[in-house]
2 protein chains.
Amino acid sequence: MSIQDRQVEDRLGEAGVRYTGGRRLVVAALERSDGPLSAAELHRELVGKVPVSSLYRTLSVLEEAGVVEPHHGARGVTRYEIAEWLAGHHHHLVCGNCGAVEDIELPRRLELRLEHLVGQASALSSFSAKGHSLEVDGLCARCA
Amino acid sequence: MSIQDRQVEDRLGEAGVRYTGGRRLVVAALERSDGPLSAAELHRELVGKVPVSSLYRTLSVLEEAGVVEPHHGARGVTRYEIAEWLAGHHHHLVCGNCGAVEDIELPRRLELRLEHLVGQASALSSFSAKGHSLEVDGLCARCA
DNA sequence: TTCCTTGCAAACGATTTGCATTGGA
DNA sequence: TCCAATGCAAATCGTTTGCAAGGAA
């Protein structure tokens, strides 16, 4: 079991739920991906292993526990990815055509600047900021 | 008719569709708002004036024509706002609880830095970048 | 035994669409 | 006149939930 998996197990334990086989499959599929995945995409990835309704319930449990984070996309589709405290902070490239999302990590230098910038920006508002994500929209290699 | 409204009229003309009364109401409501609005929110705003199905059709026409831009939020809700070429470039504060979105404009200095940063970031990827948006998530004043 | 978990099917809610009617150039 | 636009209702589609069966502690 990877270090990450151990962290997931611990977190679910704290949340009072089990880290079952189905849930492990979902977490593993998300770890394998280079961007957030929707329930439908996960279902395709895990053919015959996890029915759709269980996928939604699993994703909901994982989100409650803070193991995954949602990303809302076109046509009402929500994609999930491993939470930042496990997978590291990153940003998103979103394809305006097919909705695919790819993670990008900024060079440390740029990321530091961005954080500084977000701090200043949120200080100007009435929101209490929790996090941020830079969304770059365009076309993915396949749709270009 | 405001300058903006004239631009909208021209753009719709180029797209070969009419700028009808109902469509004017929707555009006006979006211009009035300080953040993107969903079909349901617009319906509330325009009670008795525009039925829900027409709202969706209007928003779709306006999006096709490039007059409004979508923002995808929780629970499959899509909110629309006046496109950037009409309303100016800005970023979003997104409430993680109720889904409300508030626009923020960065001070010129910070915005310039951000654009420079996005340029460098997208140069590292296989995406062809079209635009960007900094999403700051947190809680709005009401939900805090 | 006692809960948590799972799977199927039915229910939901946001959005879309078919079709007949209305309205503007 | 003629085609775009509208309104209602029915249909879609992603997602959620009720309920009965399965499993682990």
Side-chain angles (χ1 to χ4, degrees), chain A residues 8-27 29 36-65 67-80 98-101, chain B residues 1 8-29 36-65 67-80 98-101:
Chain A
V8 172
E9 183 164 48
D10 289 351
R11 178 59 82 95
L12 289 181
E14 289 164 23
V17 299
R18 299 177 198 147
Y19 194 20
T20 62
R23 291 174 184 173
R24 283 173 198 276
L25 285 173
V26 171
V27 169
L37 297 176
S38 66
E41 287 158 353
L42 281 166
H43 189 244
R44 223 168 290 138
E45 187 80 16
L46 303 172
V47 273
K49 302 216 182 77
V50 188
V52 183
S53 68
S54 291
L55 273 176
Y56 281 108
R57 267 198 274 243
T58 291
L59 290 168
S60 154
V61 164
L62 293 175
E63 184 184 357
E64 288 280 298
V67 170
V68 301
E69 286 163 0
H71 179 276
H72 305 292
R75 270 171 267 162
V77 174
T78 302
R79 281 165 228 267
Y80 291 87
C98 71
V101 182
Chain B
M1 191 190 311
V8 172
E9 184 165 47
D10 290 349
R11 179 59 81 97
L12 290 181
E14 291 164 22
V17 299
R18 298 177 197 148
Y19 194 19
T20 62
R23 292 173 182 175
R24 282 173 199 277
L25 286 174
V26 171
V27 169
L37 298 176
S38 66
E41 286 159 355
L42 281 166
H43 189 244
R44 222 169 289 136
E45 188 79 15
L46 304 172
V47 273
K49 303 218 182 75
V50 188
V52 183
S53 67
S54 291
L55 272 175
Y56 281 107
R57 268 199 271 242
T58 291
L59 290 169
S60 153
V61 165
L62 294 175
E63 184 184 357
E64 288 282 298
V67 170
V68 302
E69 286 163 358
H71 180 277
H72 305 291
R75 270 168 268 160
V77 175
T78 301
R79 280 165 228 267
Y80 291 86
C98 70
V101 181

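So that the names make sense, note that chain A is the first sequence line, chain B the second, and so on, each numbered from 1.
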*Asks:* I need the minimum non-hydrogen distance between B/R18 and B/R23, along with the two atoms involved.
*Replies:* O-NH1, 2.8 Å
*Asks:* Rounded to whole Å, how long is the line connecting atom OH of A/Y19 with atom C1' of D/dG23?
*Replies:* 19 Å
*Asks:* Nearest whole angstrom, please: distance from the P of C/dA14 to the CG of B/L37.
*Replies:* 15 Å
*Asks:* Side chain of B/R18 only, please: which of C/dG23, D/dG7, C/dT6 is the nearest?
*Replies:* C/dG23
*Asks:* Heavy atoms from C-beta onward define the side chain here; which of D/dT6, D/dT16, D/dA9 lies closest to that of A/Y56?
*Replies:* D/dT16
*Asks:* Whole angstrom is fine here: how far is it from CD in B/E41 over to P in C/dA14?
*Replies:* 11 Å
*Asks:* Verify, without hydrogens or angle tests, whether A/R11 (side chain) and A/A65 (backbone) share a donor-acceptor contact under 3.5 angstrom.
*Replies:* yes
*Asks:* Between B/R23 and D/dT6, is there a contact of a side-chain N or O with OP1 or OP2 at under 4.0 Å?
*Replies:* yes
*Asks:* Please state how far atom CG in B/L46 lies from atom P in D/dG7, giving the value in whole angstrom units.
*Replies:* 12 Å
*Asks:* Reading DNA chain C from 5' onward, which residue's closest nucleotide shows up sooner: B/R79 or A/G21?
*Replies:* A/G21
*Asks:* Take atom CG of A/L55 and atom C1' of D/dC13, then tell me their distance rounded to the nearest Å.
*Replies:* 16 Å
*Asks:* Classify the side chain of B/R57 and the base of D/dG7 as holding, or not holding, a donor-acceptor pair under 3.5 Å.
*Replies:* yes
*Asks:* Is any side-chain heavy atom of A/L42 less than 4.5 Å from a side-chain heavy atom of A/T58?
*Replies:* no
*Asks:* Describe the nucleic acid contact of B/S53 in one word from base, sugar-phosphate, nothing, applying a heavy-atom distance below 4.0 Å.
*Replies:* base
*Asks:* Identify the two heavy atoms, one from B/E63 and one from B/P70, that lie closest to each other, and give their separation to 0.1 Å.
*Replies:* OE2-CG, 3.4 Å
*Asks:* Would you kindly compare B/G22 and A/Y80 by the position of their nearest DNA chain D nucleotide and give the one closer to the 5′ end?
*Replies:* B/G22
*Asks:* Compare side-chain N and O positions of B/S60 against OP1 and OP2 of C/dT16 and report whether any pair is under 4.0 Å apart.
*Replies:* no
*Asks:* With a 4.5 Å limit on heavy-atom distance, are the side chains of A/P36 and A/Y80 in contact?
*Replies:* no
*Asks:* Using a 4.0 Å heavy-atom cut-off, does A/V61 contact any base of the nucleic acid, only the sugar-phosphate backbone, or nothing at all?
*Replies:* nothing
*Asks:* Using whole Å, what does the distance between atom C1' of nucleotide C/dC4 and atom CG of A/L62 come to?
*Replies:* 15 Å
*Asks:* Determine: side-chain N/O of A/T78 to OP1/OP2 of D/dG14, distance under 4.0 Å, yes or no.
*Replies:* no
*Asks:* Rounding to an integer number of Å, can you tell me how far A/L25 CG sits from C/dG7 P?
*Replies:* 11 Å
*Asks:* For B/E63 and C/dT15, give me the distance from atom CD to atom P, rounded to whole Å.
*Replies:* 12 Å
*Asks:* Looking across every strand, which nucleic acid part, if any, lies under 4.0 Å from A/S38 by heavy atom: base, sugar-phosphate, or nothing?
*Replies:* nothing
*Asks:* Less than 4.0 angstrom between a side-chain N/O of A/T20 and OP1 or OP2 of C/dT6, yes or no?
*Replies:* yes
